[in-house]
Amino acid sequence: MLNPVLENLPENPFPRLARLIEGVAPGGGNAAPILMSLGEPQHPMPDFIAEILHSRTHEYGKYPPIQGSEHFRQAVADWLNRRFCLRTHKIDPERHILPLNGTREGLFSIAFLVTPPRKDGRQPAILMPNPFYQCYAGAALAAGAEPIYLDAARDTRFLPDLDAISPQTWSRTALFYMCSPANPQGAVASLAYLKRLAQLARTHDFVLALDECYSEIYTGSAPSGGLQAAHDLAVAGEKEPFDRLLVFHSLSKRSNLPGLRSGFVAGDASLIARFRNFRAYVGPTNPLPVDAASAAAWGDEAHVEQNRRLYAQKFDAADEILGNAYGYVRPEGGFFLWLDVGDGEAAALRLWREAGVKVLPGKYLARGNIGDPYIRVAMVGPLEETIEGLRRIRRTLDP
Ligand SMILES: Cc1ncc(COP(=O)(O)O)c(C=O)c1O
């Protein structure tokens, strides 16, 4: 009697990893295991968050509005306009923004809003990079679309090759999930690439969902964003400059607040209005104290700069410890290492058994065999622990 589509969702990477190492004691002697599998930031959260939450506990007595507070939307609009240099076409806090209870739920539920029963007379397709954040595939399947996995390997700089997509696929595409900086490879899409995607969305009438939750963790210059691309494409006087585009941002990685569950979606005003309407049925809202704390976090860059410095120290250590082993190149963005170790699943098991280091096999994040040679290493812990983890990886895999 259960819905077979939901019954057949692929197993999530983390239970799969738990099964892989079930009953295997962590190695590493008396030293504590080092967990580098989950992308859960461990850096300090901004100190003003607790203060704001405490001072507003009375607001837990109110139902929060689906569109969040004016104050939250203004803080987000100011941040987006500033961060992505939006000058001639600005984000309007009233029309272009919707808060999310973390971006995962929004990334999932958008598929239901934008997937018609048929497109171009066929089953709609939802495109996504491969490897990918698992939520995209679950959403595509649950919404009745065919997920199409676009290989993003080294030869295409870890981004999907847009030229490899056939006209037949484009014409039935309802939604394109793109992640930049990418989880797991850390690849960043250039402004030119994003402009091309935004243009393709208009030409083939699909929605572009850009997952930008790692946009504030980068090494060199700040990654470009989808709004910037749409802004640059828009002509003077255009009614909807962010046509068919939605960008997703989160405080989980930017501000080390994964447990606050706070993000937002911004972009195409008519999509945002429809999404708000849809979410009035199903969408979780952000409690008002969370809304206020989030507004303060989007208004502050000092803690974000400090956060980047902490990641830079860890990437400096990775540069030194890994050199160019396992195809390592310092990623442009994000906090993961995507290491080619030959057989990622065997390496993950060995790292746990022999060194007490938990990493994720790349194959659990991909379809086909593109992820098989890789492990994903999350550099989210404290510096010393991360250095120790990287040393153990090196020692174990290259004895
Ligand atoms: C690529 C990507 N997108 C979205 C999310 C969801 O983040 P949150 O729901 O905490 O905003 C994550 C979390 O790990 C992620 O890696």
Side-chain angles (χ1 to χ4, degrees), residues 12-14 17 35-43 45 49 68 72 76 79 97-111 126-140 149-150 152 158-160 175-189 208-218 223 225-226 246-266 279 283-286 290-291 293-294 297-298 304 307 311 331-338 359-360 362 364-366 371 376-381:
N12 256 303
F14 297 102
L17 175 60
L35 307 181
M36 304 181 94
S37 49
L38 186 64
E40 182 184 72
Q42 304 293 311
H43 296 168
M45 59 179 100
I49 294 294
F72 171 86
V76 165
W79 180 75
I97 294 166
L98 200 56
L100 297 173
N101 199 257
T103 48
R104 183 178 59 179
E105 57 93 357
L107 286 162
F108 189 84
S109 57
I110 189 61
I126 294 187
L127 277 51
M128 64 198 71
N130 187 29
F132 57 95
Y133 181 51
Q134 298 302 292
C135 160
Y136 312 152
Y149 307 103
L150 308 170
F158 294 114
L159 297 171
L175 176 64
F176 193 132
Y177 284 112
M178 178 69 197
C179 186
S180 173
N183 172 3
Q185 314 97 315
V188 167
L208 174 58
L210 269 174
D211 181 350
E212 299 183 348
C213 72
Y214 293 97
S215 70
E216 303 316 288
I217 302 171
Y218 52 83
L246 294 172
V247 297
F248 292 76
H249 282 272
S250 173
L251 291 177
S252 299
K253 325 288 179 184
R254 174 186 181 269
S255 303
N256 304 315
L257 291 166
L260 192 70
R261 307 313 298 131
S262 181
F264 66 83
V265 54
R279 290 175 58 77
T285 50
N286 291 354
V290 170
D291 174 290
S294 304
W298 289 113
V304 186
N307 200 27
Y311 283 116
E332 287 176 84
F335 49 53
F336 297 112
L337 308 181
W338 183 240
V359 300
L360 196 64
Y364 299 179
L365 298 169
R376 191 192 76 175
V377 182
M379 301 224 293
V380 288

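No hydrogens, no waters, no symmetry mates; every other heavy atom, side chains included, goes into these values. First listed ligand is number 1; within each ligand, the first listed atom is number 1.
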Next item on the list: Give a yes or no on this: more than 12 heavy atoms of other residues, nucleotides or ligands lie within 6.0 Å of atom CZ of Arg279.
Entry: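 Correct, the count exceeds 12.
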
For ligand 1, which atoms sit closer than 4.0 Å to a heavy atom of [X]?
X	answer
Arg104	6 (C), 9 (O)
Ser252	8 (P), 10 (O), 11 (O)
Gly102	9 (O), 11 (O)
Cys179	1 (C)

Notebook entry, point to check: Given that the side chain starts at C-beta and the backbone is N, CA, C, O, which of these parts of Tyr214 lies under 4.0 Å from ligand 1, counting heavy atoms, or is it both or neither?
Noted result: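 Tyr214 to ligand 1: side-chain contact only, backbone stays beyond 4.0 Å.
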
Margin query: Test of understanding: given a 4.0 Å heavy-atom threshold, classify the contact between Leu251 and ligand 1 as side chain, backbone, both, or neither.
Written below: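 It is neither; nothing of Leu251 touches ligand 1.
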
How far is [atom] from its nearest protein heavy atom, and which residue and atom name does that atom have?
atom	result
atom 3 (N) of ligand 1	Asp211 OD2, 2.5 Å
atom 14 (O) of ligand 1	Lys253 NZ, 2.7 Å
atom 9 (O) of ligand 1	Arg261 NH2, 2.7 Å
atom 7 (O) of ligand 1	Thr103 OG1, 3.4 Å

Check: For Leu175 and Ala111, which heavy atoms make the closest approach, and how far apart are they?
Finding: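 The answer is CD2-CA, 3.9 Å.
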
Note to self: Check this for me - ligand 1, Tyr133, N or O atoms closer than 3.5 angstrom, yes or no?
What the structure shows: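 It does not: no N or O of Tyr133 is found under 3.5 Å from an N or O of ligand 1.
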
Flag, side chain of [X] to backbone of [Y], donor-acceptor distance under 3.5 Å:
X	Y	answer
Gln185	Ala152	yes
Arg254	Ile217	no
Asn286	Leu100	yes

Notebook entry, point to check: Tyr214 vs Phe335 aromatic rings, parallel, tilted or perpendicular, using cut-offs 30° and 60°?
Noted result: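 If you compare the ring of Tyr214 with that of Phe335, the planes turn out perpendicular.
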
Margin query: Exactly one of Tyr149, Phe248, Phe108, Tyr177 should register a ring-ring contact (aromatic ring centres under 6.0 Å, His included) with Tyr136. Which one does?
Written below: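 With Tyr136 as partner, ring-ring contact (aromatic ring centres under 6.0 Å, His included) holds for just one option, Tyr177.
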
Notebook entry, point to check: Non-hydrogen atoms of Pro258 versus ligand 1: any pair closer than 4.0 Å?
Noted result: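 Pro258: no contact with ligand 1 (<4.0 Å).
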
Check: Is Leu107 near ligand 1, meaning one of its heavy atoms is under 4.0 Å from it?
Finding: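 Yes.
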
Check: Rounded to the nearest 0.5 Å, how far apart are CZ of Phe132 and CG of Leu150?
Finding: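 Answer rounded to 0.5 Å: 10.5 Å.
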
Item checked: Side chains of Pro160 and Met178 in contact at under 4.5 Å (non-hydrogen atoms) ->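 Side chain of Pro160 against side chain of Met178, heavy atoms only: contact under 4.5 Å found.
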
